[in-house]
Novice: 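Before anything else, here's the structure in question.
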Amino acid sequence: MDSSLLVREKKERIYELPALDNVVEGKVVMRIAPGPSGPLHIGHTRVSILNDEYIKRYGGKLIVRYEDTNPEKIEPDAYEMISEDLEWLGVNINETIIQSERFEIYYDYTKKLIEMGKAYVCTCNADHWRELKEQKIACPCHDLPIETQLERYEKLLAGEYDEGEAVAVIKTDLAHPNPAVRDFVALRIVHHPHPRTGTKYIAYPMMNLSVAIDDHLLGMTHVIRGKDHLNNTLRQEYIFDYFGWKKPEYYHYGLVNIPDTVLKTSLIKQSIKAGEYTGWDDVRTGTVRAMERRGIKPEAIRRYWIESGMKSVDIQFSWDNLYGMNRDIIDATSNRYFFVPDPVRYDIEGIDVLKGQAPLHPDHPERGNREYIVDGSKTIFISADDSKTFVETKKIRLKDLCNLDYSTPAKYSGNDVSILKHGVKAIQWVGRNSVKTELLMPDGTILNGLTENAILKEHNNSVQFERLGFVKIEENTPENIRAVFTHR
RNA sequence: GCUCCUGUAGUGUAGCGGCCAAUCAUGAAGCCCUCUCGAGGCUUCGACACGGGUUCAAAUCCCGUCGGGAGCACCA
C-alpha cells in the first residue's frame with residue numbers, strides 16, 4: 001500500500017472577511033466615526049481597517065466623520081492626529097465631515113420630529129424623568145400640545161433655558177421591554193465653549209440624533225460598529241422609521257479586550273500633563289502612534305483584524321499574535337547588528353589582530369557583511385549577563401570573531417566554530433568603535449549600551465539586535481543611537 | 001432588576017446537517033538547520049461549555065442550564 005495516500009494534504013487558508021449583504025458594487029458608502037478626544041488607539045484600528053477593507057473590496061466611499069458633539073471632551077489636536085493615524089494605517093478616506101459644522105441640520109430635523117409629534121421638549125428634572133421611564137410612565141411634558149412643544153423648542157435653541165433645565169427628547173415606546181430604548185435625549189444644553197464653534201451654539205445634539213441624521217444624509221449603505229452600540233442602533237432606527245428613511249445594513253462586532261495596555265484617552269492625557277508620559281506616542285500606551293514608534297507595521301495590524309473577522313463574540317486581543325504577524329513582515333527587511341546592553345570591558349591577549357565578518361542578514365548574504373578588525377589593546381565589550389556566563393563557564397565565543405578563555409585579560413582561544421556544538425555560547429560583542437545606545441523598552445525603562453558602528457550606514461529603521469529582538473531606530477548618529485524595542 | 005449580544009484548542013479563526021477521528025494562524029514543547037534567544041523545515045500538544053430534544057445522521061437546527069459581555073447617561 002502506498003503510504004503517501006494516507007498523508008493528508010495541507011490546505012492553505014485564505015483569510016477573507018465575510019461578505020456584506022445588499023451590496024451594489026461601487027456604491028458602498030461607509031464611515032469611521034471617531035470622537036476627537038485624542039488620537040486613535042489599537043482598539044479603534046479594528047473598525048478603521050474593517051471599513052477600509054470593505055470599501056477596497058466593493059468600491060464606493062469611505063467617510064470619516066468627527067463626532068464632536070460634546071464640547072467638554074474634545075482635544076483640539078485630535079482631528080489632525082486622527083487623520084494622521086488613519087493615513088499611517090493605510091486607510092483611504094474619501095470625505096471628511098465634522099458634526100460641529102452641521103448643528104443647524106440637526107436642529108431642523110428635530111423640529112420636524114416635534115411637528116410630527118415624535119419628539120418633545122422636556123423640562124423635568126433629569127433623575128425624575130429617568131425614574132418615570134423605568135416605570136414606563138410618560139413625564140408631564142411628553143403629551144403637551146405640539147404648539148407648546150414648538151414654543152419651548154424655540155426657547156431651547158435661543159438659550160432661554162439653562163443647562164439641565166430642558167432637553168429635546170425623541171419618543172420611542174415607553175412600554176418597550178428594553179429599558180435602554182425608551183425615549184432618549186436628542187438635544188441638551190451645554191455652556192462649555194466648543195473648540196471649533198466657541199459659544200455660537202448652546203444646544204448640543206446627542207449622538208443618537210446626529211448619527212441617525214448623518215448616516216441617512218450621507219447615504220450610508222453599511223454601518224460597522226462595536227457591539228456596545230447595539231442599543232444605540234435600536235434607538236437610531238426609530239428616527240429612520242419616523243422619516244421613512246431606508247436603513248443601512250448594520251453590523252456589530254464583539255468587544256475587544258486588550259490586556260496590559262493603557263487605552264483610555266483621558267488617562268493618557270492626564271499622565272502626559274503630569275509629565276509621567278512623554279506624549280501621545282509614549283510606548284507604554286496603546287495608541288496608534290505608540291505602535292508606529294515601536295516599529296509595528298500597519299500591515300500587521302491590518303492582517304490581525306482581517307483574521308479576526310467581524311463576529312459579534314467578545315474577543316481577547318493578543319499581543320503575541322500581533323507580534324508574530326509583525327515579525328513575518330519585518331524579519332526579512334531587518335538587518336542584524338550587535339548591541340551590548342550594560343557593557344563589560346575585556347581586553348584580549350594571545351593574538352596581534354583579530355578579523356571577522358558577519359552577514360547583514362543571514363538569509364540574504366547578497367546584502368553584504370559587517371567587517372570587523374580588532375587590534376591594539378584588542379578591547380571588546382560584552383553584556384553584563386554574558387560576562388557572568390563567561391566567568392562561570394570559562395569559555396565563550398564572540399560571534400563571528402573568535403573564541404575566548406576566561407582570565408583577565410581574556411585569552412584568545414582560536415576560531416574553531418565547532419565549540420558551539422559542545423555547548424559553548426556564541427554572544428554578541430562590540431569593539432571600541434561602537435556607538436553609545438539607548439534602547440527604550442515597552443515598560444518605559446531604558447537599556448543603555450553600545451551598538452557596533454556598522455549600524456551608522458543603516459537606512460531602514462527596523463533592525464534586529466541579535467539575541468535581543470527587533471528594534472526601531474529613532475536616532476542614528478556617531479554620537480548617539482536611540483532605538484525602541486519592538487518585540488523578540 | 002430589565003433588555004440585548006455571545007459561547008470551537010492558551011489566543012484568534014474555519015465550519016452553515018453527512019466530506020469533521022474538526023481548519024489555519026499564533027503560542028508552547030521537541031528535533032533538524034543556522035556562528036542570534038530571529039528566520040526556515042519537520043513533529044508533537046491542545047477545542048466543539050453542559051444537559052435534553054429533532055433527525056437515519058448535529059459542532060452545525062430547537063429548548064433549557066451554566067458561563068462571558070454590553071446597555072438601561074442631559075458621554076461617544
Side-chain angles (χ1 to χ4, degrees), chain A residues 8 10-16 33-37 67-70 72-73 122 124-127 129-130 133-134 136 163-169 176-182 184-190 203-204 206-208 210-211 225-235 252-257 259 303-309 311-325 327-328 330-332 334 336-338 356 358-359 361-364 397-401 403 415-421 424-428 464-470 487-488:
Chain A
R8 264 208 250 158
K10 212 171 199 177
K11 289 172 256 171
E12 267 298 297
R13 236 192 84 202
I14 351 148
Y15 289 91
E16 198 183 30
S37 57
E67 305 202 331
D68 55 348
T69 53
N70 180 3
E72 291 171 45
K73 280 193 184 162
C122 179
C124 298
N125 168 279
D127 295 329
W129 176 74
R130 227 176 286 125
K133 249 191 355 171
E134 231 165 82
K136 307 186 179 180
E163 273 185 28
E165 285 183 359
V167 286
V169 179
H176 200 289
N178 184 349
V181 305
R182 294 175 202 152
F184 61 90
V185 176
L187 289 166
R188 62 170 179 152
I189 291 162
V190 182
Y204 280 82
M206 303 295 289
M207 66 103 94
N208 283 307
S210 52
V211 166
R225 43 170 41 170
K227 217 165 75 170
D228 49 326
H229 285 298
L230 227 35
N231 285 323
N232 287 322
T233 301
L234 295 176
R235 297 200 262 225
H252 299 91
Y253 61 79
L255 256 69
V256 186
N257 186 1
R303 185 179 147 200
Y304 189 94
W305 292 127
I306 290 175
E307 292 193 13
S308 296
K311 298 201 303 188
S312 37
V313 233
D314 298 341
I315 60 171
Q316 197 71 22
F317 183 85
S318 160
W319 288 105
D320 273 346
N321 284 17
L322 179 68
Y323 293 160
M325 295 174 189
R327 198 178 294 117
D328 271 355
I330 64 173
D331 181 64
S334 301
R336 273 51 174 171
Y337 296 97
F338 288 160
H361 194 299
D363 304 331
H364 298 277
R397 170 160 179 81
L398 300 180
K399 187 170 176 281
D400 306 303
L401 191 73
N403 303 331
N415 194 15
D416 180 8
V417 181
S418 71
I419 66 161
L420 296 178
K421 302 224 187 267
V424 175
K425 268 190 156 182
I427 61 167
Q428 79 278 22
Q464 191 207 51
F465 283 166
E466 290 198 39
R467 298 214 306 143
L468 232 124
F470 295 89
H487 48 64
R488 246 181 45 189

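Computed from a predicted structure; not experimentally measured. Here is the naming used below: chain letters follow the sequence lines, and residue numbers restart at 1 for every chain.
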Novice: Report which part of the nucleic acid A:N257 touches: base, sugar-phosphate, or nothing (heavy-atom distance under 4.0 Å, all strands).
Specialist: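 Nothing, no nucleic acid heavy atom in range.
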Novice: What is the ring orientation for A:Y323 with A:W319, classed by angle as parallel under 30°, tilted 30 to 60°, or perpendicular over 60°?
Specialist: tilted
Novice: Is it the case that the ring center of A:W305 lies less than 6.0 angstrom away from the ring center of A:Y253?
Specialist: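 They do not qualify: ring centres at least 6.0 Å apart.
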Novice: If the condition is salt bridge (charged side-chain N to carboxylate O under 4.0 Å, His left out), which residues does A:R130 pass it with, not counting sequence neighbours?
Specialist: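 Result, salt bridge (charged side-chain N to carboxylate O under 4.0 Å, His left out) vs A:R130: A:D127.
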Novice: So, does A:R327 get its side chain near the phosphate of B:A39, meaning an N or O under 4.0 Å from OP1 or OP2?
Specialist: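 Checking B:A39 against A:R327, a side-chain N or O does come within under 4.0 Å of OP1 or OP2.
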Novice: Starting from C1' on B:A39, measure out to CD1 on A:I330 and report it in whole angstrom.
Specialist: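 For the pair A:I330 CD1 and B:A39 C1', the rounded distance is 12 Å.
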Novice: Can you tell me how far C1' of B:C35 sits from NZ of A:K399, to the nearest Å?
Specialist: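 The answer, rounded to whole Å, is 5 Å.
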Novice: To the nearest Å, how far apart are A:Y253 OH and B:A70 P?
Specialist: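 Value for this atom pair: 14 Å.
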Novice: Any base atoms under 4.0 Å from A:S334, or only sugar-phosphate, or nothing? Heavy atoms, all strands.
Specialist: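 Since no nucleic acid heavy atom lies under 4.0 Å of A:S334, the category is nothing.
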Novice: How about A:F317 and A:Y304: are their ring centres within less than 6.0 Å of each other?
Specialist: yes
Novice: Partners of A:I419 by side-chain contact (heavy atoms from CB on, under 4.5 Å), sequence neighbours excluded?
Specialist: A:R397, A:N403, A:V424
Novice: Would you mind building the protein contact string for nucleotides 4-12 of chain B? One character per nucleotide, 5' to 3', B for base within reach (heavy atoms under 4.0 Å), S for sugar-phosphate only, - for untouched.
Specialist: SBSSB-BBB
Novice: Can you list the residues that meet the side-chain contact (heavy atoms from CB on, under 4.5 Å) rule with A:D228, with sequence neighbours excluded?
Specialist: A:L255
Novice: Does A:H229 reach a base, just sugar-phosphate, or nothing at all? Heavy atoms under 4.0 Å.
Specialist: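 The answer is base, as A:H229 lies within the cut-off (heavy atoms under 4.0 Å) of a base atom.
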Novice: Once ring-ring contact (aromatic ring centres under 6.0 Å, His included) is applied, do any residues pair with A:H176, and if so which ones, sequence neighbours excluded?
Specialist: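 So A:H176 forms no ring-ring contact (aromatic ring centres under 6.0 Å, His included) with any residue.
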Novice: On RNA chain B, compare the nucleotides closest to A:A426 and A:G164; which residue's is nearer the 5' end?
Specialist: A:A426
Novice: Who pairs with A:D400 by side-chain contact (heavy atoms from CB on, under 4.5 Å), at least two apart in sequence or on another chain?
Specialist: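 side-chain contact (heavy atoms from CB on, under 4.5 Å) check on A:D400 returns A:F338, A:A358, A:Y372.
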Novice: Is the distance from OP1 or OP2 of B:A73 to the nearest side-chain N or O of A:R130 less than 4.0 Å?
Specialist: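 Indeed, a polar side-chain atom of A:R130 lies that close.
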Novice: Any base atoms under 4.0 Å from A:M325, or only sugar-phosphate, or nothing? Heavy atoms, all strands.
Specialist: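 Nothing, no heavy atom under 4.0 Å.
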Novice: Please name all residues satisfying salt bridge (charged side-chain N to carboxylate O under 4.0 Å, His left out) with A:R235, sequence neighbours left out, ordered by chain then number.
Specialist: none
Novice: Taking only N/O atoms, report every protein-nucleotides 28-30 of chain B pair under 3.5 Å with atom names and distance.
Specialist:
none

Novice: Decide yes or no, distance alone: a donor-acceptor N/O pair under 3.5 angstrom between the base of B:G38 and the side-chain of A:D363.
Specialist: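 Pair found.
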Novice: Check the distance between B:A70's P and A:L255's CG and give it to me in whole angstrom.
Specialist: 6 Å
Novice: Which part of the nucleic acid does A:D400 contact within heavy-atom distance under 4.0 Å: base, sugar-phosphate only, or nothing?
Specialist: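 Base contact - A:D400 has a heavy atom under 4.0 Å of at least one base atom.
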Novice: Could you tell me which residues satisfy salt bridge (charged side-chain N to carboxylate O under 4.0 Å, His left out) with A:E307, sequence neighbours excluded, listed by chain and number?
Specialist: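 So A:E307 forms a salt bridge (charged side-chain N to carboxylate O under 4.0 Å, His left out) with A:R303.
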Novice: Take A:R303 and A:P177, find for each the nucleotide of RNA chain B with the closest heavy atom, and name the residue whose nucleotide sits nearer the 5' end.
Specialist: A:P177
Novice: Rounded to the nearest angstrom, tell me the gap between atom NE2 in A:H364 and atom P in B:U34.
Specialist: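 Atom-to-atom, A:H364 to B:U34, this comes out as 18 Å.
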Novice: For A:D320, which residues count as a salt bridge (charged side-chain N to carboxylate O under 4.0 Å, His left out) partner, sequence neighbours excluded?
Specialist: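 Residues passing salt bridge (charged side-chain N to carboxylate O under 4.0 Å, His left out) with A:D320: none at all.
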Novice: Identify, with sequence neighbours excluded, every residue that meets side-chain contact (heavy atoms from CB on, under 4.5 Å) alongside A:N231.
Specialist: A:N178, A:A180, A:V181, A:L234
Novice: Show me the dot-bracket string of RNA chain B, counting Watson-Crick or G-U pairs under 3.5 Å, with | for pairs to another strand and [ ] for crossing ones.
Specialist: (((((((..(((.....[.....)))((((((.......))))))...(((((..]....))))))))))))....
